[in-house]
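What follows is one structure encoded as structure tokens, with my remarks underneath.
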There are 2 protein chains.
Amino acid sequence: MRSSLKTKENIELVKEFKEFIKKKGLKYTSEREEILKEILKVKDHFDVEELYMKLRGKGSKISKASVYRTISLLIEAGYIQEVYRQNARSYYEVTLDKIPHLHFICIKCKKVEEIIENELIKLIQKHSKQKNYAPLTYHLEIFGICSDCIKSIS
Amino acid sequence: MRSSLKTKENIELVKEFKEFIKKKGLKYTSEREEILKEILKVKDHFDVEELYMKLRGKGSKISKASVYRTISLLIEAGYIQEVYRQNARSYYEVTLDKIPHLHFICIKCKKVEEIIENELIKLIQKHSKQKNYAPLTYHLEIFGICSDCIKSIS
DNA sequence: TTTAATATTGAAAATAAATTTCAATTTGAA
DNA sequence: TTCAAATTGAAATTTATTTTCAATATTAAA
Ligand SMILES: [Mn+2]
Ligand SMILES: [Mn+2]
Ligand SMILES: [Zn+2]
Ligand SMILES: [Zn+2]
């Protein structure tokens, strides 16, 4: 898992991605760079369609196939993670320096809230160590009804 | 979340499912009963294909569409849950009286291990309460490399 | 038990996200 | 510059799941 990249400038992250690509014997293309830069602008969760439409809105000619292909590379490089699914669609999030992905998902309004809970994270890590797992990442999804939706029900 | 149904006989669970169906104004069919009975035999995780093939192996003529339809009802009734996905396919598990679904998933061999960790479960519940969530269920997935795969790498 | 309204079924078609194919283009080491 | 190899966009394909629909089964009422 990547860590402490919060303060890194995007320009440096782009350079690192180029190195990652080169190290794999692949070719560094303008499409790959453009997609990474666009992803680094996204604050929260995104899906392929959203990202693709943002690129198109800027006049980019990048294909959806390339978006899918670059997302795979960015996951491998540790820049993003698939964090949940909704309506048969994958959602991603930039994971640079962020603590792992704990989400509360409302089954009524489909809202997804981040959970920040260090105690939970420590316990997960402790458990993994005990069981001899080498954890790379982990997801916790709590499904339920959010406080807004509880109000509108009662 | 259902609880303490561990000791219930299958025959009683089947009766409860019939009541659930009736209460919804639906019709109780032999297909629905047959699918529930087959699911109650499964010890671990299963997917639709697996379940469908088991039924076919017994000479059943139930269609895959009905398997999908009944699974939706059983989720709604609280008998099963979708516990994870692999290769774009949903996996389910009987959830009667079981503690929530915490899984370690090996990214090399794709093995899925159950995690039994009461401390974790308590902490998740405590957090939900604090945040005013009404949790219905939750999933924790730790992705990493299992102890077997670590050996074969080094 | 018969009736009739309505839900359910199996089979086939549809859906849609993700992946693959392939010819044209781009990249980058020599 | 050269050129083998990787990448691209567009279209085709894949595949789990959902939907459609005519035939059939269920169930409550007559
Ligand atoms: Mn998140
Ligand atoms: Mn499980
Ligand atoms: Zn809500
Ligand atoms: Zn493994």
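Since the structure is predicted, the reported quantities are computational estimates derived from the model, not experimental observations. All values below were derived from every heavy atom in this structure, side-chain atoms included, with hydrogens, water molecules and symmetry-related copies excluded.
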**Report entry** Atom-to-atom span, CD of Glu19(A) to C1' of dG28(C) - whole angstrom
**Finding:** 17 Å
Can you give me every donor-acceptor pair (side chain of residues 48-57 of chain B, partner residue at least two apart or in another chain, under 3.5 Å) with its distance?
from, atom 1, to, atom 2, distance (Å)
Glu49(B), OE1, Lys64(B), NZ, 2.6

**Report entry** Base-contact (B) and sugar-phosphate-only (S) positions in nucleotides 7-16 of chain D, heavy-atom cut-off under 4.0 Å, - elsewhere
**Finding:** SBBB-----S
Requested in this report: Just grab all the salt bridge (Lys or Arg N to Asp or Glu O under 4.0 Å) pairs involving residues 126-146 of chain B, residues at least two apart or on different chains.
Outcome: Glu119(A)-Lys126(B)
Name the pairs: protein N/O against N/O of nucleotides 28-30 of chain D, kept only if under 3.5 Å.
none

Report task. Write down the distance between CD (Gln86(A)) and P (dA16(C)), rounded to a whole number of angstrom. Result -> 16 Å
Query raised in the report: With Lys37(A), which residues qualify under side-chain hydrogen bond (donor to acceptor under 3.5 Å, both in side chains), at least two apart?
Result: Glu33(A)
Report summary line: Overall bend of the helix from dT1(C)-dA30(D) to dA30(C)-dT1(D) (five pairs an end, 10° steps) is 30°
Query raised in the report: Which pairs pass salt bridge (Lys or Arg N to Asp or Glu O under 4.0 Å) with one or both residues in residues 81-92 of chain B, sequence neighbours excluded?
Result: Asp47(B)-Arg89(B)
**Report entry** Of all pairs that satisfy salt bridge (Lys or Arg N to Asp or Glu O under 4.0 Å), the ones with a partner from residues 66-80 of chain B, not counting sequence neighbours
**Finding:** Lys24(B)-Glu76(B)
Report summary line: Glu113(A) meets the side-chain hydrogen bond (donor to acceptor under 3.5 Å, both in side chains) criterion, sequence neighbours left out, with Tyr133(B)
Query raised in the report: To the nearest Å, how far apart are Glu82(A) CD and dT19(C) C1'?
Result: 15 Å
Query raised in the report: Who pairs with Lys41(B) by salt bridge (charged side-chain N to carboxylate O under 4.0 Å, His left out), at least two apart in sequence or on another chain?
Result: Glu38(B)
Requested in this report: Would you please name every residue forming a side-chain contact (heavy atoms from CB on, under 4.5 Å) with Thr29(A), sequence neighbours left out?
Outcome: Glu31(A), Arg32(A)
Query raised in the report: Centroid-to-centroid, Tyr84(B) to His101(B), below 6.0 Å?
Result: no
Query - Within residues 11-43 of chain A or reaching into it, pairs that qualify as ring pair (Phe, Tyr, Trp, His ring centres under 6.0 Å) - sequence neighbours excluded - result: Phe17(A)-Tyr79(A)
Query raised in the report: Starting at NZ of Lys24(A) and ending at P of dA5(D), how long is that distance when rounded to a whole Å?
Result: 18 Å
